[in-house]
Trainee: 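Please find one structure pasted underneath; my questions will follow.
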Amino acid sequence: MFKKTGLLERFRLFNPLMLTGMVCLICIGILYIYSSCSVREDPDIQELYQRHAWAGLLGLGLYFAVAFVNYRRILAWSGFVYLLVLGLLVLVPFIGDSTMGAKRWIFGIQPSEPAKLAIVLLLAWLYGQRKVGRGPGLFFLTALLVAVPGVLILMQPDLGTAMVLVPTVFAMLFAANVSPKLLWGSTLAGLLAAGLIMGTVYYTETVKMPKERREVLLSRTGLRDHQIRRLQVFMFPDKDLHGSGYNRRQSEIAVGSGGAWGKGYLKGEHYMLGYLPPSVSSNDFIFAVLAEEAGFAGTGIVLLLFLVLTWAGLWVAFRCRDDGGRILCVGVVTLMFSHTFINIAMTIGLMPITGLPLPFISYGRTFMLTMMVALGLVQSVSMYGRESETHFS
């Protein structure tokens, strides 16, 4: 039996590294969003850094509010949160706002972002139930729970957001030890499918064939035209430099031109001269702006801060006494790591362009608020996860 813990004791269990790393990254985001938007003539673009700052303040309030609520109580409501977000995703095709050929926003938010956290919450609650078996049944139930919102997100279309769910869910499955043989088999099957898709795209680009046959082969990949072009540009960097490959090439040039120490704050040339378009320099390609101005040294500090957040989250998971909290931490940390890795990798040309934001630094209020709430949940696990599952205060 555990002694009831007071508010002062809660503060002693508070993880300061997590809060410090998150706040530092948000401040860096404000600085470089301002840098990327300050030279623009459009007043709406010039104010993006202010909106990012206000979202950060709101996120801090949500962070602390969530952190001081026992995460077990929040997990108990995970089914309701999942259904609520699912309802918003269903409404997006009908009443959502259309931007750049995609419908992803409704009521001023992007439901696909909180959907990722809703899935993590529901799976953490499910895997935390001791009476639930860890066999194939749970694996296929997980696949169903993820597939429903995943398909709705793909319909928007938003392949990047749907894709980031894969490593997150698989990490949670591994942590929960759900049907290991089936899990490894699915992992290998997924890698094989990805290899076949990329092999097909590569084959159609390198082998001469009739246009009709090429279109048939590409259609069998199940990808949309713009997604195929992104893969083509990834495998053949010199292809379509003034079209689909433009942003990638300019991003690589910006990163390389920063050198070891960068050109200095507010002295980046690629975004100032318009080579890196304002539509991407403050969100998906913010890392290129940072690398050009702060150089390898500045980006190293950013990577170190993300490493601090990752280590802090995994440490909390290691110290947690129940499966639900432990797996919740694994899901949140994997989600953050996946976003960070994919965003930076695509910026420097190591992965295809996916349109995933860099956590806390890229402009995107819904995504940042979602990630701050997610880290607030990890902080809650830090303060409540060392108690027995039957102890609530």
Side-chain angles (χ1 to χ4, degrees), residues 17-18 20-39 48-49 52 56 160 164 167 230 233-235 237-238 241 245-314 333-334 336-364 367-368 371:
L17 279 178
M18 191 182 307
T20 303
M22 182 183 71
V23 171
C24 288
L25 287 170
I26 292 172
C27 291
I28 291 172
I30 294 171
L31 288 173
Y32 284 94
I33 290 173
Y34 173 78
S35 179
S36 67
C37 299
S38 60
V39 297
L48 290 183
Y49 78 98
H52 191 77
V164 82
R230 287 178 177 179
V233 168
F234 169 67
M235 289 184 280
D238 293 331
L241 291 179
Y246 180 80
N247 288 341
R248 169 185 165 154
R249 175 54 60 90
Q250 297 305 321
S251 174
E252 291 174 349
I253 294 173
V255 172
S257 66
W261 303 104
K263 299 176 180 177
Y265 184 60
L266 298 179
K267 295 181 179 179
E269 298 173 352
H270 264 69
Y271 69 87
M272 280 191 175
L273 297 176
Y275 292 113
L276 199 61
S279 60
V280 298
S281 61
S282 61
N283 42 62
D284 296 346
F285 287 91
I286 190 72
F287 187 80
V289 176
L290 190 154
E292 183 180 14
E293 295 190 349
F296 181 79
T299 57
I301 293 174
V302 169
L303 292 177
L304 180 61
L305 289 171
F306 278 117
L307 180 63
V308 167
L309 284 181
T310 302
W311 182 87
L314 293 178
V333 169
T334 307
M336 181 184 66
F337 176 82
S338 299
H339 266 273
T340 304
F341 178 83
I342 294 173
N343 177 275
I344 295 175
M346 75 174 188
T347 300
I348 60 178
L350 295 181
M351 287 190 70
I353 304 300
T354 56
L356 285 177
L358 186 62
F360 311 113
I361 297 180
S362 293
Y363 177 75
F367 175 65
M368 186 167 74
M371 290 307 303

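Any value given below was found using the heavy atoms of this structure, including those in side chains, with hydrogens, waters and symmetry copies removed. Only a predicted model underlies this, so the values are computations on that prediction, with no experimental measurement involved. Positions are given from 1, in the same order as the sequence printed here.
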Trainee: For the side chain of S282 and the backbone of I33, is there at least one donor-acceptor N/O pair under 3.5 Å apart?
Mentor: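 Not a single qualifying donor-acceptor pair exists.
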Trainee: Going by the angle between their ring planes, with limits at 30° and 60°, are H339 and F367 parallel, tilted or perpendicular?
Mentor: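 Rings of H339 and F367: tilted, as their planes differ by 30° to 60°.
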Trainee: For the backbone of G349 and the side chain of R248, can you confirm whether one donor and one acceptor N or O come within less than 3.5 Å of each other?
Mentor: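 A pair under 3.5 Å: yes.
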Trainee: Just checking, is any N or O donor in the side chain of E293 or S35 under 3.5 Å from an acceptor N or O on the other one?
Mentor: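 Present: a donor and an acceptor within the cut-off.
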Trainee: Does the plane of the ring in Y49 sit parallel, tilted or perpendicular to the ring in Y34? Use 30° and 60° as the thresholds.
Mentor: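 Ring orientation, 0 to 90° scale: perpendicular.
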Trainee: Dump the intermediate steps for side chain to side chain contact (heavy atoms under 4.5 Å, CB included) on I353 and V233, then the final yes or no.
Mentor: CA-CA 9 Å; I353 304 300; V233 168; over 6 Å; no
Trainee: Excluding sequence neighbours, so at least two apart, what forms side chain to side chain contact (heavy atoms under 4.5 Å, CB included) with F306?
Mentor: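 Per chain and number, F306 pairs via side chain to side chain contact (heavy atoms under 4.5 Å, CB included) with L25, V302, T340, L358, P359, F360, I361.
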Trainee: Answer yes or no: does atom CZ of F296 have more than 12 heavy-atom neighbours from other residues, nucleotides or ligands under 6.0 Å?
Mentor: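 Not buried by this count: 12 neighbours or fewer within 6.0 Å.
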Trainee: How about Y246: does its OH atom have over 12 heavy atoms from other parts shown lying under 6.0 Å from it?
Mentor: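 Above 12, so yes.
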Trainee: Can you sort out the partners of F287 under ring-ring contact (aromatic ring centres under 6.0 Å, His included), two or more places apart, ordered by chain and number?
Mentor: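 Once residues adjacent in sequence are excluded, F287 has no partner under the ring-ring contact (aromatic ring centres under 6.0 Å, His included) criterion.
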Trainee: Could you tell me whether the side chain of T299 reaches within less than 4.5 Å of the side chain of I344, counting heavy atoms only?
Mentor: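 They are not in side-chain contact.
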Trainee: May I ask you to decide if N343's main-chain N or O and D284's side chain share a donor-acceptor pair within less than 3.5 Å?
Mentor: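 Not at all, since once roles are kept as given, no pair shorter than 3.5 Å links the two residues.
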Trainee: Please lay out, stage by stage, how M18 and L309 fare under the test side chain to side chain contact (heavy atoms under 4.5 Å, CB included).
Mentor: CA-CA 5 Å; M18 191 182 307; L309 284 181; 4.1 Å; yes
Trainee: Any chance you could measure L48, atom CG, to C37, atom SG, to the nearest 0.5 Å?
Mentor: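 So the gap between those two atoms works out to 4.5 Å.
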Trainee: I'd like to know if the side chain of E292 reaches the main chain of E269, judged simply by a donor and an acceptor atom lying under 3.5 Å from each other, with no hydrogens or angles considered.
Mentor: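 A pair under 3.5 Å: yes.
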